[in-house]
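Here the structure is laid out as structure tokens; the discussion comes afterwards.
Atoms considered below: every heavy atom in the structure, side chains included; atoms not considered: hydrogens, waters and symmetry mates. This is a predicted model, so every value here is computed, not measured. Protein chains get the first letters and strands the later ones, always in sequence-line order, with residue 1 at the start of each.
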Number of protein chains: 2
Amino acid sequence: MIKIKEVAQLARVAPSSVSRVLNDHPDVSPEMKERVLRAAEQLGYQPNFLAQSLRTGATRTVGFVVRDISIPMFGGIVKGAEQELESYGYSVLLTNSLQNSALEAKHISVLCQRRVDGLILSLQSEASAETFKALDNVQVPVVLLDRELIGLPADAVLFDHASGVQEAVADLVDLGHRRIGLLVGSSRTRASRDRIRGFMAACEGAGTSANWDSIVELPTATLEVVGQATASLLGQAVTAIVAGDAQIGTALLGAMKERKVQPGRDVSLVICDDLELFRLVDPAVSVVYRDAEQMGAVAARILMKRLSGGVAGPIREILRTNYVARGSTMPPPETSVLPQGRALRAVTGSSGKRS
Amino acid sequence: MIKIKEVAQLARVAPSSVSRVLNDHPDVSPEMKERVLRAAEQLGYQPNFLAQSLRTGATRTVGFVVRDISIPMFGGIVKGAEQELESYGYSVLLTNSLQNSALEAKHISVLCQRRVDGLILSLQSEASAETFKALDNVQVPVVLLDRELIGLPADAVLFDHASGVQEAVADLVDLGHRRIGLLVGSSRTRASRDRIRGFMAACEGAGTSANWDSIVELPTATLEVVGQATASLLGQAVTAIVAGDAQIGTALLGAMKERKVQPGRDVSLVICDDLELFRLVDPAVSVVYRDAEQMGAVAARILMKRLSGGVAGPIREILRTNYVARGSTMPPPETSVLPQGRALRAVTGSSGKRS
DNA sequence: CTGAAAGCGCTTACAG
DNA sequence: CTGAAAGCGCTTACAG
């Protein structure tokens, strides 16, 4: 590896001058600039990033803690962030917390020890003491993804899960559904609380009393757990189910298949998150769409803005979610004609568009 | 941030002694060790990684170039690698090449400039001049994922795509299929060549003359391109189609749905790669399974072994793939009874097991 | 406009 | 067993 000294020798100038040329310092003569550039080019000089970082105190590196990169949603978020950060000359140090708060906390401190300039965190829970403790020692800017940590004035990018779920449930109500189930993850997480809020709002908006008993909080999204919850909802004679994310939705599809309950015909179905394959099962699944890559890109931009300084309070960016109606949402089995409400909404165009 | 000097002052020793204690140097007195450890603990000292790296020349960082982290297969590979590397104290610097060889080459050199200790590469093509050029300047060990670069003596982890496809096609032949189509990506890539090889071997093994004309090499896996290829195969009256990966398979499912061709009943179907949702479409899709996380973990282990020195020639690790038969592979429409061959194979237990 | 010197925070031969 | 010194490869006040 060529070092600055060798470039300096070839160009017959001091190393400091080489540095100035390469860093576009204004006060350099055109002739010297020319010589240095040629020498650097000739030797294929590339500055040692470590030395630069140690000296300047900036690593142009962002630490990313993600729950599980093999989940497509997180893959999309990381992709969006990485692309955006790359355009600023930043790189991404990636870690998986594997749904484990202790590991999450450990990764946060490892990333700090590696002197990242900032952190983008897709945390497990909003209430992990270990994570809070690790975050206490963090000196660099942090952008939280879809989480709010009380008492921590960090920037955040949040999905507006509520409005998408509300739209979906409103459509179900229009179709004639009165008993609707909601399957969500832990309500110790903003996303689930948000979905519950949208669900309740739609129920109330429909004049239906909100169905607290048909909201199921799942500890995990395994086929077994979701299967039990599904059985329990079907026992309550719900005619439609909303699944809080792709994992829950996938397990729900599995549970329905096991029980030979057909989506749409027997029980209507909406899944929060749009996977390509949800369009290919029969009937195609209605979804609440959110843009993972956008979340990553926005987080990256916030971090860049924060690092360039001059921003005062915490930045909160809310990203919308969209209901997309497909074949898995139909009138409930008993109803043979469309209820009036639906026709009305279709005319005014206020319901989600069918694709 | 606390530095070593402050720890030294508190412990009343020289900075070099602190360093020795913290690096488990053998020649330190128990008393001093005790004092230093207490001081470090008390101050919450964490060595500056940059300074350590600059001095020792090792960053404990691995650069990872992946085509697109939002594709679940790659997510799994990165996850497997990251988990394994973490256990060795290494971190992962992740970049997406976005299927773009120029970007891929750029990322390789950026990672080298960042002084990674090694590189794990999931390259686009096996024949990109830009990538070869970038790789020429690489001084650190490289592990290639599912690619072979002629003339480059790098370590590699490869899937044995051929055997999985061969098993699948053998099962299709047993079921009575005689005209089988294969949809693969560019044959400028080992994976596709491997699949073609397995396909041909099975055709020949069955006494069927190999169907070169029913092998379609796709430039991309868009719905449109795959749709045209599917139409062309159906025009050739194939009764079964094998899709080379999850993207092609997903598009194929879409194309079949568009054309109202039902998997299994109308045309049998095998997809290379197992996504959870492939089990949930109706009928469940037969697949050739490969373990993404295993590939990542094995690549990480090879890199660690290489970095610990003492290994001579390039390491090549082959990972198996497994055919899993499900409902999408059935006898062709005309055939009403199982052909004899199938029953025979089932008895000898040599065909893939149905799940 | 240019160079010599100091220093970022460590580790590691080298003395003792 | 311990400390003082040199040095990893840069950047940046400081002189001139």
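Per the geometry, CZ belonging to A/Arg20 stands 8 Å off C1' belonging to C/dC1, to the nearest Å. Atoms CG (B/Leu22) and C1' (C/dT12) sit 15 Å apart, rounded to a whole Å. In this structure, A/Asp27 places its CG atom 15 Å from C1' of D/dA15, rounding to the nearest Å. The CG atom of A/Asp24 sits 16 Å away from the C1' atom of D/dT12 (whole-angstrom rounding). A straight line from NE2 of B/His25 to C1' of C/dA13 spans 10 Å, rounded to a whole angstrom.
Residues satisfying the salt bridge (Lys or Arg N to Asp or Glu O under 4.0 Å) test with A/Lys106, not counting sequence neighbours, are B/Glu86. Partners of A/Arg301 according to the salt bridge (Lys or Arg N to Asp or Glu O under 4.0 Å) rule, which considers only residues two or more places apart in sequence or in another chain, are A/Glu84. Annotation: salt bridge (Lys or Arg N to Asp or Glu O under 4.0 Å) contacts of A/Asp68 (sequence neighbours excluded): B/Lys79. Taking A/Lys133 as the reference, nothing meets the side chain to side chain contact (heavy atoms under 4.5 Å, CB included) condition, with sequence neighbours excluded. Evaluation of the ring pair (Phe, Tyr, Trp, His ring centres under 6.0 Å) rule for A/Phe159 yields A/His161 as partners, not counting sequence neighbours. Under the salt bridge (Lys or Arg N to Asp or Glu O under 4.0 Å) criterion, B/Arg188 pairs with no residue at all, not counting sequence neighbours.
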*When Watson-Crick pairs (N1 to N3 and N6-O4 or O6-N4) and G-U wobble pairs (N1-O2 and O6-N3) count only below 3.5 Å on both distances, what is the dot-bracket string of DNA chain C, with | for other-strand pairs?*
|||.||||||||.|||
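Between the side chains of A/Ser91 and B/Arg114, at least one donor-acceptor pair of N or O atoms lies under 3.5 Å.
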Tabulate protein N/O versus nucleotide N/O from nucleotides 5-9 of chain C, keeping only pairs under 3.5 Å, one per line.
unit_1, atom_1, unit_2, atom_2, d
C/dG7, N2, A/Arg55, NH1, 3.2
C/dG9, OP2, B/Lys3, NZ, 2.9
C/dG9, N2, B/Ala51, O, 3.4

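Place B/Ser29 and A/Lys5 on DNA chain D by their nearest nucleotides, and B/Ser29 ends up nearer the 5' end.
Within the structure, ring-ring contact (aromatic ring centres under 6.0 Å, His included) pairs that include any residue of residues 100-128 of chain B do not occur (at least two apart or interchain).
Taking 4.0 angstrom as the limit, B/Ser17 places a side-chain polar atom (N or O) nearer than this to OP1 or OP2 of D/dG3.
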